[in-house]
Protein chains: 2
Amino acid sequence: MSEPLTQNIQDYLKAIYGLTSEGGEASTTALAARLGIAPASVTGMVQKLAALQPPLVIYQKHQGALLTPEGERAALEVLRHHRLIEAWLVESLGYSWDAVHEEACKLEHVISEEFETRIAAALGHPVRDPHGAPIPSAALVMPSTNDVPLSSLRGGEKAVVRRVRCEDAPLLRHLESLGLVPGAILGVSDFSPYDDNLTLKIGSRKPVVLGASVTRNVFVEMMG
Amino acid sequence: MSEPLTQNIQDYLKAIYGLTSEGGEASTTALAARLGIAPASVTGMVQKLAALQPPLVIYQKHQGALLTPEGERAALEVLRHHRLIEAWLVESLGYSWDAVHEEACKLEHVISEEFETRIAAALGHPVRDPHGAPIPSAALVMPSTNDVPLSSLRGGEKAVVRRVRCEDAPLLRHLESLGLVPGAILGVSDFSPYDDNLTLKIGSRKPVVLGASVTRNVFVEMMG
DNA sequence: ACAATAATTTAGGTAAGACTAAATTATTCT
DNA sequence: AGAATAATTTAGTCTTACCTAAATTATTGT
């Protein structure tokens, strides 16, 4: 552990981790889009991250960025902060799940180890945040899950909602109004291969049709 | 309300407010010392603060800095954040009073209005932080007090401790071990005009002698 | 009053981290 | 394969906020 990383570097690492773990690769353009800056700026920064001692990313021209073990540790630390803070804003301060992301994005960079430890203990060492995202352990290990994208289900299958991967407040409010929150039980009434729409029965509500842009970001656990 | 102020600017305003309200003037050197930077850097920044629209400080060469009403509002906002956060770290997360300052210094710049509102409500809208420092109201008015420096007391007088103005963790722990905390009742047994030492009886403990460097920073309310 | 000293400001420089525009390298399509 | 397009990198610039060293302005002591 050398000196503390800047907020900026933490944001890069978080973005690289996010893109990588969402199945894609952390290309210059993708990083630029996620960070809201110009691609040229990303190139420069990623080169710097690769030149640090120890290096936080592995970088070769036109190959995007890959986290080193040190880089991944740092990313998981930030992610742990972010998700613990979200959990704690909801549990202890009564925030709604659509309001916590912005606040957590700012707080995640400035809290101390002591703070992290105290809120984790106060919450009973949660393994998921309010959206169902897994919270890395204190040892910075990402807990394993049986999460499967809702978009992979087909007619007749039943499942429990485990995670809603979304940071857009209006959309989160909408999904909540549909009952599509972690813990909800749903059944797939129909699948349309033409547009990938799913018709879902969520709890005892009347059926809704959801497109792939949503169902790809909702994760469920299949029920026997 | 224009755009949000940078953390940097907030720190300058806080420092100017602090120096001014501690009776001194916010000279370039004093600010530099408090902020831990070179005097030359302060000059440049203060000039910038005075050139902002609206100006946050009034500045004339060799005269130090003075907050404008807008500057004072901004300083009080940061101070309110800082002190509410300290209170809440102690009350809700079980921090000790010597550990909250550092954390609050980082958090004060990043919390939202919603966060401020929620912790203020959760704490019952406190008027003092854990060290007894007054917390500006939501309307950014500094509450008035009857606080008087302990150093102004003389033999035979009795008082209640209201505030311990100190950010040094080891010293805070020492003062706590002496019982010198907000709410404590003390009597002055003796005053030495040669070195300004006070001999104090704190609660029912055995007397202690404290120098002016401490007693100038402890504030009390006189008892009938 | 006037020299010595202290405080302050100016001038010039550095480091981060962003930007744009231009050059280069990959990829895709026919 | 070769051309068109897309992605990426390079080069050069900007801003912020700090620094040091030198010049200036105030203050203090005799």
Side-chain angles (χ1 to χ4, degrees), chain A residues 2-16 19-20 22-53 55-67 71 74-75 78 105-106 109-110, chain B residues 2-16 19-20 22-53 55-67 71 74-75 78 105-106 109-110:
Chain A
S2 22
E3 23 43 89
L5 304 175
T6 66
Q7 160 163 359
N8 213 354
I9 293 180
Q10 291 181 337
D11 282 337
Y12 271 88
L13 297 177
K14 199 168 52 140
I16 297 168
L19 287 171
T20 303
E22 281 164 27
E25 50 180 320
S27 70
T28 303
T29 327
L31 279 171
R34 179 175 278 228
L35 293 168
I37 63 185
S41 307
V42 171
T43 301
M45 193 64 188
V46 165
Q47 287 172 343
K48 178 173 298 184
L49 295 180
L52 285 179
Q53 217 44 255
L56 298 176
V57 313
I58 294 168
Y59 169 74
Q60 289 180 172
K61 288 185 183 182
H62 303 96
Q63 305 274 129
L66 207 67
L67 293 177
V78 181
C105 269
K106 294 180 297 178
H109 303 292
V110 302
Chain B
S2 23
E3 53 312 334
L5 304 175
T6 65
Q7 160 163 359
N8 214 346
I9 293 180
Q10 290 181 336
D11 282 336
Y12 271 87
L13 298 177
K14 198 169 51 139
I16 297 168
L19 286 171
T20 304
E22 282 165 26
E25 50 180 321
S27 70
T28 302
T29 326
L31 279 171
R34 179 174 278 228
L35 293 168
I37 62 185
S41 307
V42 171
T43 300
M45 192 65 186
V46 165
Q47 287 172 343
K48 177 173 298 183
L49 295 181
L52 285 179
Q53 218 42 255
L56 298 176
V57 313
I58 294 169
Y59 170 73
Q60 289 179 172
K61 289 184 184 182
H62 304 96
Q63 304 274 128
L66 207 65
L67 292 177
V78 181
C105 269
K106 295 179 295 178
H109 303 292
V110 300

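Hydrogens, waters and symmetry mates are skipped; everything else that's a heavy atom, side chains included, is used. Order of the sequence lines sets the chain letters (A, B, ...), proteins ahead of strands, with each chain counted from 1.
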Distance check needed: [N] [atom2] versus [X] [atom1], whole Å only.
{"X": "A:H62", "N": "C:dA23", "atom1": "NE2", "atom2": "P", "value": "16 Å"}
{"X": "A:L5", "N": "C:dA16", "atom1": "CG", "atom2": "C1'", "value": "15 Å"}
{"X": "A:Q10", "N": "C:dG17", "atom1": "CD", "atom2": "P", "value": "12 Å"}
{"X": "A:L49", "N": "C:dA18", "atom1": "CG", "atom2": "P", "value": "10 Å"}
{"X": "B:Q63", "N": "D:dT25", "atom1": "CD", "atom2": "P", "value": "14 Å"}

(message) side chain to side chain contact (heavy atoms under 4.5 Å, CB included) for A:V46 and A:T28? Distances and angles first, verdict last.
(response) CA-CA 9 Å; A:V46 165; A:T28 303; over 6 Å; no
(message) How about CD on A:E22, more than 12 heavy atoms from neighbouring residues, nucleotides or ligands closer than 6.0 Å, or not?
(response) yes
(message) How would you summarise protein contacts on nucleotides 15-20 of chain D per nucleotide, using B for base, S for sugar-phosphate only and - for none, with heavy-atom distances below 4.0 Å?
(response) --SSBB
(message) Determine whether B:V57 and B:L13 satisfy the following criterion, side chain to side chain contact (heavy atoms under 4.5 Å, CB included), listing intermediate values before the conclusion.
(response) CA-CA 8 Å; B:V57 313; B:L13 298 177; 4.1 Å; yes
Just to confirm, is there a sub-4.0 Å distance from OP1 or OP2 of [N] to any side-chain nitrogen or oxygen of [X]?
{"X": "B:K61", "N": "C:dA7", "value": "no"}
{"X": "B:Q47", "N": "C:dT10", "value": "yes"}
{"X": "A:T28", "N": "D:dT9", "value": "yes"}

(request) Would you indicate what A:T43 reaches in the nucleic acid, counting non-hydrogen atoms under 4.0 angstrom: base, sugar-phosphate, or nothing? (result) base
(request) Could you grab the distance from atom CG of B:N8 to atom CD1 of B:I37, nearest 0.5 Å is fine? (result) 7.5 Å
(request) Look up atom CD1 in A:I9 and atom CE in A:M45, then write down how far apart they are to the nearest 0.5 Å. (result) 4.5 Å
(request) Applying side chain to side chain contact (heavy atoms under 4.5 Å, CB included), run through B:I58 and B:Q63 and close with a yes or a no. (result) CA-CA 9 Å; B:I58 294 169; B:Q63 304 274 128; over 6 Å; no
